2 protein chains.
Amino acid sequence: MPRPVMKKLRQQQLIDATLVSVERHGLQHTTINTISGFAGMSSGIISHYFGGKQGLIEATLRYLIDELKQALLIRTSGKTLSPAVRLSMIVEANFTELQRSEAVAKTWLSFWAQAMHDPGLARFQHINNQRLYSNLLFSFKQLLPATDAMNAAKQSAAMIDGFWLRSALSSTPEEDFKQAQILSKAFIKALIAQHGEN
Amino acid sequence: MPRPVMKKLRQQQLIDATLVSVERHGLQHTTINTISGFAGMSSGIISHYFGGKQGLIEATLRYLIDELKQALLIRTSGKTLSPAVRLSMIVEANFTELQRSEAVAKTWLSFWAQAMHDPGLARFQHINNQRLYSNLLFSFKQLLPATDAMNAAKQSAAMIDGFWLRSALSSTPEEDFKQAQILSKAFIKALIAQHGEN
DNA sequence: TATTGTTGATTGAACGTTCAATTAACAGCT
DNA sequence: AGCTGTTAATTGAACGTTCAATCAACAATA
């Protein structure tokens, strides 16, 4: 069992177990015992690989943010997309299978709440929020005047996050996530079409 | 001090103290001792008036939801407003001084996160989310065809919640809340104007 | 005095961290 | 190949802390 470089593997297993635990028990009732239990390991391993519970929590958030980043990169990097299509890709990246999953939805929400009191987590959240805005702004700028582009990016970012939040809290998340994606794209499409009319 | 009045007074003092404690320490680090400390009372009083910590937490959420409800009622009840003006009132009610305060913002976020695992809180959240949608839908229906009205209400609700969330998490909440209100109203105005053109 | 309102020390459970002990893989040596 | 020393990987019991709840005692009012 030991020898090979288990570090990367074990760390990912513990991050996965953290997501499962948060899904089942919520972040509040997630303990090193629930996590290590889902991972099939002992509690001590968490401190060994992450320096403590807090370290694992932060690593899990970093993982989620990175997955979100990758979701967009996969859809755009290398390709030459029109601004309108790229905006669609941004919407889709924010509503991937992973992002819709209960485990991830609950984890994001818990982290948002905790980020307001934890400067370490707050930094990550801020970067993540800014990225959505920047990504949107980049494409809108190619379609609208600068000021309009900024407002469009702000409104779109808010609508995407708001739809995501309301869908996650909904009693029918599946359906709501699907509609959220359609209505987000429709809004962006309308913004672009509107400009041509003036 | 008169007896019957004491109950209501003490309960509100404890709810206020809960909001202060959540602002300072976060819900996670809010204990019956931090709350009773801010209220200038002893810890035992919480169990006496709310049956326990959880009872006080739920009462605090009920208070916030009720304040939100009242904010709209004050702006609309008795008056005869055009649908467009009433939509503006709905936006304003969601960005009142109270809702923008750090204490309330942090509390809402914490509750949202906890509501995903606590059926009792989830019920309140669901009612609250539904209310914003219903309020918007009511006015949109007087301006747009039924299907368009539903989509408009969903998009507006998402944008309002999204702006609120991003503003609360922002490093410059003051400024962002102000812009959020302006851009939310602008979106609704555009929705209405758009319809006339077709 | 009786009733209501309030205190705060105490209790016991839950939790994160630590660390000595154990296990398993590998390298070097014969 | 077989043995041995070494190190990485992992365990889990023990410890100290935190916290919600309890309740016996005290205070204020009627």
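Atoms considered below: every heavy atom in the structure, side chains included; atoms not considered: hydrogens, waters and symmetry mates. Remember, predicted model here, so these are calculated numbers, not experimental data. The chains referred to below are lettered A, B, ... by the order of the sequence lines, with proteins before strands, and numbering in each begins at 1.
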- Quick one: A:Ile46 CD1 to C:dC19 C1', roughly how many Å, whole number? 16 Å

- Specify the separation, in whole Å, of atom CG of B:Leu56 and atom P of D:dA20. 11 Å

- With a non-hydrogen cut-off below 4.0 angstrom, is B:Gly52 in contact with a base, only sugar-phosphate, or nothing? sugar-phosphate

- Message: Looking at C:dT6, I'd like to know if its phosphate oxygens (OP1 or OP2) sit under 4.0 Å from a side-chain N or O belonging to B:Tyr49.
- Response: yes

- Item | Salt-bridge criterion met for A:Lys185 and A:Glu92 (N-O under 4.0 Å) | yes

- Query: Can you name the side chain to side chain donor-acceptor pair (under 3.5 Å) partners of A:Asn151, sequence neighbours left out?
  - Reply: none

- Task: Would you mind reading off the distance between A:Ile32 atom CD1 and D:dG12 atom P, rounded to a whole angstrom?
- Result: 13 Å

- Message: Rounded to whole Å, how long is the line connecting atom CG of B:Asn33 with atom P of D:dA21?
- Response: 12 Å

- Run the ring-centre check on A:Phe124 versus A:Phe111 and record whether the distance is less than 6.0 Å. no

- Message: Are more than 12 heavy atoms, taken from residues, nucleotides or ligands other than A:Arg75, located less than 6.0 Å from that residue's CZ atom?
- Response: yes

- ring pair (Phe, Tyr, Trp, His ring centres under 6.0 Å) partners of A:Tyr63, counting only residues at least two apart: none

- Task: Measure from CG on A:Leu9 to C1' on D:dT10 and round the result to the nearest Å.
- Result: 14 Å

- Item | OP1 or OP2 of C:dG8 under 4.0 Å from side-chain N/O of B:Ser42 | no

- Query: What is the nucleic acid contact for B:Thr31, judged by heavy atoms within less than 4.0 Å: base, sugar-phosphate only, or nothing?
  - Reply: sugar-phosphate

- Message: Can you confirm whether A:Arg131 is buried at CZ, in the sense that more than 12 heavy atoms of other residues, nucleotides or ligands lie under 6.0 Å from that atom?
- Response: yes

- Touch class at under 4.0 angstrom, heavy-atom based, for B:Thr30 against every strand present: sugar-phosphate

- Task: Provide, to the nearest angstrom, the distance between the CD1 atom belonging to A:Ile45 and the P atom belonging to D:dA8.
- Result: 14 Å

- Message: Nearest to the B:Arg10 side chain among D:dA20, D:dA13, C:dT6, which nucleotide is it?
- Response: C:dT6

- Item | Nearest-Å distance for atom pair CD1/P, residues A:Ile35 and D:dT11 | 15 Å

- Item | Distance, rounded to the nearest Å, where A:Met41 contributes CE and D:dG12 contributes P | 13 Å

- Query: Counting only non-hydrogen atoms, which of residues 18-29 of chain A are less than 4.0 Å from DNA chain C?
  - Reply: none

- Would one find more than 12 heavy atoms of other residues, nucleotides or ligands at under 6.0 Å from atom CD of A:Glu175? no

